[in-house]
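Only one structure is covered here, and it is reproduced in the block below.
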Amino acid sequence: MSPHRAVKPGRGHTAADAGEAPVDRTREDVHQAVREEVAVRADALWGVASRLHADPEYAFAEHRAAALLSGELERAGFAVERGVAGMPTAFTARSGRGRPAVALLLEYDALPGLGHACGHNLIAAAGLGAALAVGAVAEESAGSVLAVGTPAEEGGGGKALEVEAGVFDGVDAALMFHPGVYSWARAPLTAQVQYRVAFHGRAAHPTGNPTEGIDALAALVELFNVLAVLGRRLPEGSHVQGIVTQGGTATNIVPEYAEGLFGLRAATTPALEDLTDRLRECADGVARATGTTAEVERATVRYEHFRDSEALSERFAAHLSRAGIPLSPPVPGVYLGSSDIGNVSTRVPAIHPFVAIMDEDGSDHTPEFAEAAASPRAREVLVAATGALACTAVDVLLSEELREEAWARHRAARTG
């Protein structure tokens, strides 16, 4: 494939209309063409982001959001498949065919009680705009542009389910951005999972026959104490946070059953596996000491830690800087939560840069961040990030050298 010919004539190019041979264009010409496509769509993309913001939907129930986004892509000529990976609100939309293939990821779930306090309305609009812009410019011979609708990032792990269903098989890069309070080229995202721990004891009346009772709630409380001691010895990035979900039925009955839900995070997936083993050991030890029996079971999809594709994130940062938004490396030791993009990054080279829509003294998952996700600054970031994503996608499609570098680093990181 010639990196200069696999592009449609842009606006104002009339050689084809005049019956002349297509004009060769450099990759920078293509970058400019997709930037123009984004600029033309800027108002419409902000309209999509605003509609999503005003109508928040939650994990696996984002029916209106999925219909809006997939409908826009279908009207633009993308081949849309809905209900992918067994999720009614997941979809894929493809333009072009074959390899290379680049995926633009769209998140659109909101937070109960807080709406779009993580800015997923901007993520969805940016992925949509980038896919439309590249789809309008690239010829089929350039490969495929795939827009992937990914439900339930905030709880449920739609991307993890799509990975397991093979949605990202045959994809050369997965691209998205995330609004935040920092502008960082790489996302320090940890591995995360939740476990349910239950203790079984024996009910008794606390005054009538107290020696016959085995207090399951006391065992659960002791587990919290043991984990608090363990927490002081965990490596950087690892922690356990738990809540009591069931602790008995009456104050005059020794609880025969108690249950807690524990969130585990660690800087890497292997560290999370080690932390999971420690949770099991602690629960078993408490059970032996208290005469109870313990059950430990995974309660959620596991989010892998994010593996950044430096080759691609450097390209995105360079493109974004043209819009006057510089990105810096993340601050060492600062982690920004977890995301199912980590699961995607185990399969294909991926990027997940953060771009600030409010100052560093703020935080996402707050009412203030939800307000910022509909602000004039958010609009500027949306347009700039959409253009940078589109240009990075063009680089993936047109540069075999970049793809080889990204895959080589990806495989080396997995082996390492």
Side-chain angles (χ1 to χ4, degrees), residues 1 6-8 30 34 37-38 41 45 48 65-87 89-108 123-151 153 158-177 309 312 315-316 340-341 343-352 385-386 388-400 402-403 406-407 410:
M1 178 193 74
V7 207
K8 297 175 185 176
V30 185
V34 294
E37 291 287 343
V38 171
R41 290 175 166 83
L45 294 176
V48 168
L68 170 63
L69 296 163
S70 62
E72 291 288 336
L73 290 156
E74 197 165 45
R75 281 188 289 276
F78 281 66
V80 174
E81 179 183 355
R82 298 176 173 88
V84 302
M87 295 178 285
T89 56
F91 65 85
T92 61
R94 184 181 297 272
S95 176
R97 54 187 171 81
R99 300 284 288 270
V102 61
L104 283 309
L105 308 190
L106 287 65
E107 295 178 2
Y108 35 84
I123 297 172
L128 170 67
L132 291 174
V134 179
V137 170
E139 292 281 8
E140 284 193 359
S141 58
S144 302
V145 181
L146 185 69
V148 183
T150 66
E153 187 277 332
K159 294 186 199 63
L161 300 177
E162 289 174 335
V163 167
E164 294 306 312
V167 170
F168 295 96
D169 294 353
V171 169
D172 293 290
L175 311 178
M176 64 173 290
F177 100 102
S309 175
L312 300 180
R315 292 295 183 103
F316 176 88
D340 52 5
I341 185 64
N343 299 59
V344 178
S345 75
T346 66
R347 296 293 180 92
V348 301
I351 66 169
H352 186 286
T386 302
L389 286 171
C391 288
T392 306
V394 165
D395 290 338
V396 172
L397 292 176
L398 301 186
S399 175
E400 182 178 359
L402 176 62
R403 294 194 301 273
W407 273 114
H410 177 78

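All values below were derived from every heavy atom in this structure, side-chain atoms included, with hydrogens, water molecules and symmetry-related copies excluded.
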Are Y108 and L69 close enough, and set up right, to give a side chain to side chain contact (heavy atoms under 4.5 Å, CB included), and what steps lead you there?
CA-CA 9 Å; Y108 35 84; L69 296 163; 3.4 Å; yes
Identify the two heavy atoms, one from [X] and one from [Y], that lie closest to each other, and give their separation to 0.1 Å.
| X | Y | result |
| --- | --- | --- |
| T392 | R315 | OG1-C, 4.0 Å |
| S144 | G98 | OG-O, 2.7 Å |
| A124 | E107 | CB-O, 3.1 Å |
| H410 | P349 | ND1-N, 3.8 Å |
| L389 | A126 | CD1-CB, 4.0 Å |
| D340 | A160 | CB-N, 4.0 Å |

Name all residues meeting the side-chain hydrogen bond (donor to acceptor under 3.5 Å, both in side chains) criterion together with R97; count only those two or more places apart in sequence or in a different chain, and write none if there are none.
E140
Under the salt bridge (charged side-chain N to carboxylate O under 4.0 Å, His left out) criterion, do D172 and R403 qualify, and how do the steps go?
CA-CA 7 Å; D172 293 290; R403 294 194 301 273; 5.0 Å; no
Taking it one step at a time, do R82 and E74 satisfy salt bridge (charged side-chain N to carboxylate O under 4.0 Å, His left out)?
CA-CA 11 Å; R82 298 176 173 88; E74 197 165 45; 3.1 Å; yes
Quick one: does [X]'s side chain get under 4.5 Å of [Y]'s, heavy atoms only?
| X | Y | result |
| --- | --- | --- |
| K159 | V344 | yes |
| V148 | V84 | no |
| V102 | V394 | no |

Does the pair F168 and T346 meet the rule for a side chain to side chain contact (heavy atoms under 4.5 Å, CB included), with working shown?
CA-CA 11 Å; F168 295 96; T346 66; over 6 Å; no
As a test of understanding, state which of T92, L146, L132 forms a side-chain contact (heavy atoms from CB on, under 4.5 Å) with F78.
L132
Scan L104, V34, L128, L45 and name whichever one has a side-chain contact (heavy atoms from CB on, under 4.5 Å) with T386.
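It is L45, the one option of L104, V34, L128, L45 that forms the side-chain contact (heavy atoms from CB on, under 4.5 Å) with T386.
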With rounding to the nearest 0.5 Å, note down the distance linking CG in L312 to CG in L402.
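Answer rounded to 0.5 Å: 5.5 Å.
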In Å, rounded to the nearest 0.5 Å, how long is the span from CG of L175 to OG of S309?
9.0 Å
Can you list the steps and then say if L73 with F91 is a side chain to side chain contact (heavy atoms under 4.5 Å, CB included)?
CA-CA 11 Å; L73 290 156; F91 65 85; 3.8 Å; yes
Closer than 3.5 angstrom, by distance alone: can the side chain of R347 be matched with the main-chain N or O of D169 as a donor-acceptor pair?
no
Do the side chain of T150 and the main chain of L106 share a donor and acceptor less than 3.5 angstrom apart?
yes
Can you tell me if E400 has over 12 outside heavy atoms packed within less than 6.0 Å of its CD?
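Counting other residues, nucleotides and ligands, CD of E400 stays at 12 neighbours or fewer.
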